[in-house]
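Below: the structure, in structure tokens.
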There are 6 protein chains.
Amino acid sequence: MTGRALFIGRFQPFHRGHLTMVRRILESNDEMIVGIGSAQYSHTGENPFTAGERYEMIKRSLDAEGILNYHIVPIPDTHVHSVWVSHVRSLVPHFDDVYTNSDLVVRLFREHGVKVHSPPLVDRERLSGTEVRQRMLKGGDWESLVPAVVAEYIREIDGIERIRETHKYSTPYGTRENHTQGDD
Amino acid sequence: MTGRALFIGRFQPFHRGHLTMVRRILESNDEMIVGIGSAQYSHTGENPFTAGERYEMIKRSLDAEGILNYHIVPIPDTHVHSVWVSHVRSLVPHFDDVYTNSDLVVRLFREHGVKVHSPPLVDRERLSGTEVRQRMLKGGDWESLVPAVVAEYIREIDGIERIRETHKYSTPYGTRENHTQGDD
Amino acid sequence: MTGRALFIGRFQPFHRGHLTMVRRILESNDEMIVGIGSAQYSHTGENPFTAGERYEMIKRSLDAEGILNYHIVPIPDTHVHSVWVSHVRSLVPHFDDVYTNSDLVVRLFREHGVKVHSPPLVDRERLSGTEVRQRMLKGGDWESLVPAVVAEYIREIDGIERIRETHKYSTPYGTRENHTQGDD
Amino acid sequence: MTGRALFIGRFQPFHRGHLTMVRRILESNDEMIVGIGSAQYSHTGENPFTAGERYEMIKRSLDAEGILNYHIVPIPDTHVHSVWVSHVRSLVPHFDDVYTNSDLVVRLFREHGVKVHSPPLVDRERLSGTEVRQRMLKGGDWESLVPAVVAEYIREIDGIERIRETHKYSTPYGTRENHTQGDD
Amino acid sequence: MTGRALFIGRFQPFHRGHLTMVRRILESNDEMIVGIGSAQYSHTGENPFTAGERYEMIKRSLDAEGILNYHIVPIPDTHVHSVWVSHVRSLVPHFDDVYTNSDLVVRLFREHGVKVHSPPLVDRERLSGTEVRQRMLKGGDWESLVPAVVAEYIREIDGIERIRETHKYSTPYGTRENHTQGDD
Amino acid sequence: MTGRALFIGRFQPFHRGHLTMVRRILESNDEMIVGIGSAQYSHTGENPFTAGERYEMIKRSLDAEGILNYHIVPIPDTHVHSVWVSHVRSLVPHFDDVYTNSDLVVRLFREHGVKVHSPPLVDRERLSGTEVRQRMLKGGDWESLVPAVVAEYIREIDGIERIRETHKYSTPYGTRENHTQGDD
């Protein structure tokens, strides 16, 4: 058990795959920072929820699990990838290793000599933000894909309605995967 | 008859559907503000004209109709939707209700408790900015879709040539509809 | 009588010196655009009022005088002076000459070959934004320096209180004169 | 005991006055969010430490006190005060009341109808960020003004040397007090 | 032989078509400036290399050819096309004519009265940045499309690996051609 | 003789002290990059000349000295100091050591493990940008402080007049020294 890990994602929304990842990271790290990427964006197809709302989802999920040794930090996109690692380092407290499923994040941290882990995801077909948002939009069973407190919170803030009204707007930030599947 | 309405659109270009909307809004409001969205953009497929050029189109159209009780205010995009309503409020004089055909604008104002109207559009298949720009590009009859003074102004500034030369460039702002139809 | 003039200022607040200038400009121009500079700033010592509030002050003042042939356009600062003239041109409808009391604005437009007028100000010691704001802050007679409708509007929005609470904060935009006198 | 409070400051560095404030806020609130303002700035006279470093100082101080019910969120400046409240709301989880010593923050939240507290500070002459930084620069006793863990951390990151090398550079954000005293 | 030419492109990467263009431009100009567009972007599908890396490729290629009368200037995108020409003019030393293959660049400079040349490209099917990047990604023969020193440099900085890991991310800047072919 | 040096300054304007520094750097380096800081700013008291104009001054001065092994790269300010080193690295080709007279630049590069030299300046009282600009403004002998080709170029672009008309405007970037002496 050593050190502090940084786990970076967009968490749109925070789902059971993310929660499994948090548990695994804490098996080999003393504490962790959950970095909320694309923090300034909301009300679009890829990024329906604000950073503050995502913060609330993560906090409630980890509290419900009795996990205490975490920090949550919103990280706005810079779009200028060459400065992004310095930007992250200036915003979050010191960390040792990085965990992420984004190939870009892996690449950027490795170019700066940081140790990055990109463990295989559990049940990736179902447990992806894109799948959750698609089900919310089309009316499928999305609740089973997220922690119960997240489902409750999304209903509390009228999240399904927001997704229906704003899904066709896109964020000026894109992975080409956005248009297909599986990016978060 | 009460109050001041804010009518928000991109007006690329200002067409007969917009003009009909202006007349209807003034049936139930004392005066109106025409907010030109995406004001900083021009010379792209979705946004060929500058805010100043769009201002001129709107002014000439309303003057030609003898409409006097209007104001025109360019509104640059923030891309950060969570601050957009505050941004609009800081740039335009006080307004009571909002009129728009953008689902996103409807949603954002409603989350701030503002009354928003989104009346059905007249002859939407023909009277859309996308259709007008397509006809300009392909050589169809676009003049009949816009007020006569707008057609004249666009010829004056060599607008068709600009659209042909810049239509393939896109604005770092998107609705997914851009790629299909009907967004303005 | 020819053409359309652009009159640029910050109008913090719109005072009697500005109103005199508007009247003079309209003696030799058919219509005018009032460009509200530093449009994105408010709640600071130099820029207490939002662009929307300044828009309201100007509109009420000109309406009270029976002046009709004007347009008001908020112009955000770019801070990058080399692109500022292109920025203004993209936001406002076509204009012929420029009127301003800012040496910088004079210089920038002249480098782009635009005709700029910088007529002597009336009663400059008293009629300056700095003097008006000082009196608002210190409790002197500021009402006599602004049009009656502006005084009324400022009271309506609780402007004096805002100036007292925010005057010590500065805008990330400066003329060195800010610290002494007479910049607006 | 009710609700969640937002405490906003720059914490350059986090000192004993801040710690006293945290304790008082938690006397009447269930939990609190510590919002780190001017989060993007560092390496200047007013803002020597990065948001990540300030995060570390606050975390270590509260952990040392056995305080658990807190969250820390970096908040970058927008400089555009009219959108700042919406910006804060989008970045942090829901809060009820605000606590701050900045007149500007008080004003901005009140204009948005949020309840703001600005309690008298303890021993303000000594316990201010400006005083701490002055002592660091001039070689006085600064350690007694901050929690022991903060003093230790600042030595760990070679903070005094950084302050000596960067104090003459200023942040493009200013209160006029910067030039005199007492702003944080 | 007269004057100084500005040659604008993205050079992702600098290929033999660009080199042929440089030679032709220098047949009718005393010296040239190579303007590297989209300078702030890297690590995406359209813009894999940083401006500094592109600078190195161009320098090594021209040095290898014994060409001496050139300057290289990185030019960040503004996205606001109406100010882009002023932006370029402020960053590079004086130039007479412009050479480019971008219709947008042609249009923008012509609207400012600058003489622009857009000569037919050599072997455009093969010699395009898009084709080179596709071959790098898919494993085809890309080396023969670029100067030998560029191929060597790309291997030196592990460029193929970077393209494989980041090609699916896009730049918040787009020509619609990006999605098909031939834009650079 | 080894490697490539990066020499960073604002060069407002390029004076004889800078030229002496260039010669010294080339005594122990094969080639050098001259990085023009605050590249986006012009038409203010601290930054009267555009990056393009400063480029021209440096190029003419080095050409007049028969110096060939140099590159000039404009570097816009980020204001966010924590990302500035990554920003510079992304814009300029590879360099080994850094030379500068800015304490901030020294500090920032050292925190990133880069070797920085800050050699004593020659005749610093006279040979500083601040002194040159003061003499231009007040009418003293500034020509003897700059290379002959720089004096000629400044007259060519009517630089003295620009300084007189814009010196009272400040750049949203400051060292406190600006207000006193010796910052460049």
Side-chain angles (χ1 to χ4, degrees), chain A residues 10-13 36-57 74-81 130 133-134 136-138 153-181 183, chain B residues 8-10 12 37-42 44-47 75-88 98-118 121 124 128-130 169-184:
Chain A
R10 288 196 292 114
F11 310 112
Q12 291 284 14
I36 302 176
S38 300
Q40 74 267 57
Y41 298 120
S42 65
H43 297 83
T44 70
E46 298 85 25
N47 287 304
F49 303 110
T50 67
E53 289 164 346
R54 291 177 265 164
Y55 196 113
E56 194 80 41
M57 291 176 201
I75 301 173
D77 281 344
T78 60
H79 298 290
V80 176
H81 296 331
T130 306
R133 295 192 305 271
Q134 276 302 308
M136 286 168 157
L137 186 62
K138 303 277 175 61
Y153 178 70
I154 286 171
R155 282 189 300 262
E156 192 181 314
I157 62 170
D158 192 23
I160 304 303
E161 196 59 24
R162 190 192 294 165
I163 279 174
R164 293 208 177 118
E165 289 174 23
T166 61
H167 77 278
K168 69 188 174 198
Y169 299 91
S170 62
T171 303
Y173 162 82
T175 74
R176 286 179 181 160
E177 293 160 307
N178 280 342
H179 304 291
T180 50
Q181 106 271 48
D183 66 298
Chain B
I8 292 213
R10 287 196 293 113
Q12 291 284 15
S38 299
Q40 74 267 56
Y41 297 120
S42 65
T44 70
E46 299 85 27
N47 287 304
I75 300 174
D77 281 344
T78 59
H79 299 289
V80 176
H81 296 331
S82 51
V83 305
W84 189 80
V85 169
S86 292
H87 168 70
V88 172
V98 170
Y99 291 76
T100 184
N101 292 300
S102 158
D103 287 349
L104 178 58
V105 171
V106 170
R107 174 83 199 175
L108 294 174
F109 275 111
R110 284 192 181 147
E111 289 195 3
H112 280 74
V114 177
K115 192 168 178 189
V116 190
H117 308 262
S118 196
L121 289 156
R124 187 60 176 162
S128 84
T130 306
Y169 299 92
S170 62
T171 303
Y173 162 84
T175 75
R176 287 180 181 160
E177 294 161 305
N178 279 340
H179 304 291
T180 49
Q181 104 270 50
D183 67 297
D184 52 339

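Because the structure is predicted, anything quoted here is derived from the model rather than measured. All chains are named by letter (A, B, ...) in the order of the sequence lines, taking the proteins before the strands, and each is independently numbered beginning at 1.
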Checklist outcome for this item: d(A:Lys168 NZ, B:Leu104 CG) to nearest 0.5 Å is 9.0 Å

Checklist entry - Atom NE2 in B:His81, atom OG1 in A:Thr166: separation rounded to 0.5 Å? => result 8.0 Å

Checklist entry - How far does CG of B:Asp103 sit from NE2 of A:His43, to the nearest 0.5 angstrom? => result 13.0 Å

Item to check | Atom pair OH/OG of A:Tyr169 and B:Ser102 - distance to nearest 0.5 Å | outcome: 3.5 Å

Next on the checklist: If you compare all heavy atoms of A:Gln40 against all heavy atoms of B:Ser82, which two are closest, and at what distance to 0.1 Å?
Outcome noted: O-OG, 4.2 Å

Item to check | Under the salt bridge (charged side-chain N to carboxylate O under 4.0 Å, His left out) test, residues paired with B:Glu111 that sit two or more places apart | outcome: A:Arg162, B:Arg107

Item to check | Residues forming a salt bridge (charged side-chain N to carboxylate O under 4.0 Å, His left out) with B:Arg110, sequence neighbours excluded | outcome: none

